[in-house]
Trainee: 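I have a structure here, written as structure tokens, and I will follow up with some questions on it.
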Amino acid sequence: MQKNTYELLTKSMGIHSDVLDIIDKAEQEIQPLFDKLDDIMAFNQYKVLDVFQKCRISDMHFAWNTGYGYDDAGRAALEKAYAMLFKTEAALVRPIIVNGTHALTLTLTGICRPGDELIYCTGAPYDTLEEVIGIRGEGKGSMKEFGITYKQVELLPDGTIDLEGLRKAITPKTKMVCCQRATGYGFRKAITIPQIEEWVKFVKSINPDIICMADNCYGEFLDTKEPTEVGVDVIAGSLIKNPGGGLALTGGYIAGRQDLIDNISYRMTSPGIGGECGLMFGQTRTMFQGLFMAPKVVNGAVKGAMLCAKAFENLGYEVCPKAEEDRSDIIESVVLKSPEAMKAFCRGIQGAAPIDAYVTPEPWAMPGYDDPVIMAAGAFVQGSSIELSADGPIRPPYIVYFQGGLTYEHSKFGVIKALQAMKEDGLV
């Protein structure tokens, strides 16, 4: 660390010198790993640029439309770009998709019909999908209430998909098999693209008509391929995670086969209207620019996650994944073993934020979750997980989930502040 930076952090920002020593040691240990990440970033940056040029993106595509949004050239160009980028037949990219859970809900409910069977092959889905499927809750229009049955196949002890267990679970009623790429609130490594490719081939060998869906949240641009490039029929994700690049103000995307996207679009609006309507509210500029910036932003977030892993592993904490392991999402999990440690960690992350750094995060009953959740996020876009944040449900073994940072330097500062807050509380 350069002398000027060191003095700014210690004298002006109050960072303890021993915290910086921990970070410097961890950073030196992982620095050789950054070259591979930079190669992935460069590939994806040029891939996005190639798509923009082939789609002939122009400033005319940034213009407002009104009312129903008929014949919105910007919307059409944006969805063409996403379809081309993910190598699919069609895509929906809309600000009226409010988050990743909504994108996934539209996908599941747009495709499945009463009497169909849905299987998750990566264990329990993300907490917010439990009420959508009908695993918990009071109905409220859940899939279970509409007669769609559900099974889940747990991952093997090594964190890979249990293909033989999946074979036993599949029946003639099975309409869709889903894979959650990211860890969610589990303590496992994310599912990699080669694992997804193996899973799809396995399912299609049993019944080629079964639809394979991948929850792609947190996974975009972690590899040189996306799930739809290795056989997945449809994917869904959030624009305030990786593909929005920190600039998209809201929204979600769904990409896949044309017939599936058509059915999903009818769920999104109404039968007979589908994707023909839907105002973009002037958001196409930030959606395009965020997508263009996304590979570089994701690169910084992944490096920050690796630094977090190495720093806490060096201090004796259990982390997942380890710094040296291949990654398929931007999330780093750290087992902190106590609610006090989770609160201190999140207080540090909040204190590293450009927005609301003075706020102290506290656990609360967040909609869609079964346990109190603590969430640190001082972001320019509310709830943006590609910006620096940390969160987790307050339940044993008290795992905190660290992610994001629009630059590597900011993600690194989040790790610094988290360590400092824990040190101040006598927890390190």
Side-chain angles (χ1 to χ4, degrees), residues 90-94 96-154 165-166 168-182 184-185 199-200 203-204 206-217 227 232-238 251-278 366-370:
L92 296 167
V93 189
R94 305 293 174 108
I96 59 173
I97 300 176
V98 302
N99 53 27
T101 298
H102 188 198
L104 291 163
T105 300
L106 290 172
T107 304
L108 297 176
T109 58
I111 294 172
C112 292
R113 298 290 182 266
D116 287 342
E117 180 177 74
L118 168 70
I119 299 176
Y120 257 75
C121 68
T122 45
Y126 196 69
D127 293 42
T128 55
L129 282 174
E130 291 181 355
E131 291 188 62
V132 174
I133 294 168
I135 301 171
R136 63 179 170 89
E138 300 298 326
K140 302 176 184 177
S142 70
M143 298 176 75
K144 180 180 179 181
E145 191 174 12
F146 279 87
I148 299 165
T149 57
Y150 171 76
K151 294 177 183 174
Q152 68 186 43
V153 177
E154 301 302 328
L166 180 57
K168 295 174 182 176
I170 290 173
T171 71
K173 293 173 56 179
T174 304
K175 180 67 170 288
M176 181 185 293
V177 179
C178 302
C179 165
Q180 180 176 291
R181 185 175 178 182
Y185 280 154
W199 157 67
V200 172
V203 171
K204 297 295 186 180
I206 297 171
N207 182 352
D209 294 330
I210 292 176
I211 296 160
C212 291
M213 188 278 280
D215 174 351
N216 209 32
C217 289
V232 168
D233 297 301
V234 61
I235 57 175
S238 167
Y253 76 91
I254 305 164
R257 280 177 12 203
Q258 183 71 61
D259 62 318
L260 302 179
I261 296 300
D262 286 344
N263 284 343
I264 294 164
S265 75
Y266 300 146
R267 174 64 61 180
M268 180 182 69
T269 58
S270 69
I273 294 178
E276 296 300 317
C277 282
M366 192 172 179
Y369 297 87
D370 207 23

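Residue indices begin at 1 and follow the sequence shown.
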Trainee: Would you please test Cys217 and Arg181 for side chain to side chain contact (heavy atoms under 4.5 Å, CB included) and show each step?
Mentor: CA-CA 7 Å; Cys217 289; Arg181 185 175 178 182; over 6 Å; no

Trainee: What verdict does the side chain to side chain contact (heavy atoms under 4.5 Å, CB included) test give for Thr171 and Glu117, after you've listed the backbone C-alpha separation in whole Å, the side-chain angles of each residue and the deciding distance to 0.1 Å?
Mentor: CA-CA 8 Å; Thr171 71; Glu117 180 177 74; 3.0 Å; yes

Trainee: Say you draw a straight line from CG of Asn216 to SG of Cys179; how long is it, rounded to the nearest 0.5 Å?
Mentor: 9.5 Å

Trainee: Under the 3.5 angstrom rule, does the side chain of Lys175 hit a backbone N or O of Leu118 as a donor-acceptor pair?
Mentor: no

Trainee: Hey, are the side chains of Leu166 and Ile170 touching, using non-hydrogen atoms and a 4.5 Å cut-off?
Mentor: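 In short, these two side chains touch, coming nearer than 4.5 Å.
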
Trainee: State, yes or no, whether a side-chain contact exists between Val200 and Pro227 at a heavy-atom distance under 4.5 Å.
Mentor: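 A side-chain contact is absent here, since even the closest heavy-atom pair is not under 4.5 Å.
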
Trainee: Are Ile211 and Val177 packed together at the side-chain level, in the sense that at least one heavy-atom pair is separated by less than 4.5 angstrom?
Mentor: no

Trainee: Please report the interatomic distance CD1(Ile133) to CD(Glu145), rounded to the nearest 0.5 Å.
Mentor: 14.5 Å

Trainee: I would like to know whether Arg267 and Asn263 meet side chain to side chain contact (heavy atoms under 4.5 Å, CB included); could you show each step before the answer?
Mentor: CA-CA 7 Å; Arg267 174 64 61 180; Asn263 284 343; over 6 Å; no

Trainee: Is there a donor-acceptor contact under 3.5 Å from the side chain of Asp116 to the main chain of Arg113?
Mentor: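 Indeed, once roles are kept as given, a pair shorter than 3.5 Å links the two residues.
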
Trainee: Within the 4.5 Å heavy-atom criterion, are Val234 and Ile111 side-chain neighbours or not?
Mentor: yes

Trainee: Does some side-chain heavy atom of Trp199 sit less than 4.5 Å from a side-chain heavy atom of Val232?
Mentor: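 Sidechains of Trp199 and Val232: in contact.
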
Trainee: Return the minimal non-hydrogen interatomic distance between Gln152 and Ile135, and the atom names on each side.
Mentor: OE1-CD1, 4.5 Å

Trainee: Step by step, work out the salt bridge (charged side-chain N to carboxylate O under 4.0 Å, His left out) result for Arg136 and Asp127.
Mentor: CA-CA 10 Å; Arg136 63 179 170 89; Asp127 293 42; 5.3 Å; no

Trainee: Would you give the length of the straight line joining atom CD of Glu130 to atom OG1 of Thr128, rounded to the nearest 0.5 angstrom?
Mentor: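 Taking CD in Glu130 and OG1 in Thr128, the distance rounds to 8.5 Å.
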
Trainee: Quick one: do Asn207 and Thr174 satisfy side chain to side chain contact (heavy atoms under 4.5 Å, CB included)? Show the steps, please.
Mentor: CA-CA 9 Å; Asn207 182 352; Thr174 304; over 6 Å; no

Trainee: Considering residues, nucleotides and ligands other than Glu276, do more than 12 of their heavy atoms fall under 6.0 Å from its CD?
Mentor: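 Incorrect, the count does not exceed 12.
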
Trainee: Any side-chain heavy atom of Met213 within less than 4.5 Å of one from Tyr120?
Mentor: yes

Trainee: Can any side-chain N or O of Thr107 pair as donor or acceptor with the backbone N or O of Ala103 at less than 3.5 Å?
Mentor: yes

Trainee: Roughly how far apart are Met268 CE and Thr105 OG1, rounded to 0.5 Å?
Mentor: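 The OG1 atom of Thr105 is 14.0 Å from CE of Met268, to the nearest 0.5 Å.
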
Trainee: Are a donor atom and an acceptor atom from the side chains of Glu131 and Ser142 found within less than 3.5 Å of each other?
Mentor: no

Trainee: When rounded to the nearest 0.5 angstrom, what distance separates CD1 in Ile261 from CG in Leu92?
Mentor: 5.0 Å

Trainee: Quick check: do Asp233 and Lys204 have side-chain heavy atoms less than 4.5 Å from each other?
Mentor: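 Touching, per the 4.5 Å side-chain cut-off.
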
Trainee: With side chains defined as the heavy atoms from C-beta onward, is the minimum distance between Tyr150 and Pro125 less than 4.5 Å?
Mentor: yes

Trainee: Quick check: does any side chain N or O of Thr269 sit under 3.5 Å from a backbone N or O of Tyr266, one acting as donor and the other as acceptor?
Mentor: no

Trainee: Return the CZ to OG1 distance between Phe146 and Thr109, rounded to the nearest 0.5 Å.
Mentor: 9.0 Å

Trainee: Of the non-hydrogen atoms in Arg94 and Gly275, which two are nearest, and what is the gap between them?
Mentor: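 Closest approach of Arg94 to Gly275: NH2-O, 2.8 Å.
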
Trainee: Which heavy atom in Gln258 sits nearest to a heavy atom in Ala90, and how many Å separate them?
Mentor: OE1-CB, 3.5 Å

Trainee: With no hydrogens and no angle check, do the side chains of Thr122 and Gln180 hold a donor and an acceptor under 3.5 Å apart?
Mentor: no

Trainee: Among Ile119, Leu104, Asp215, Leu108, which one satisfies side-chain contact (heavy atoms from CB on, under 4.5 Å) with Cys178?
Mentor: Leu108

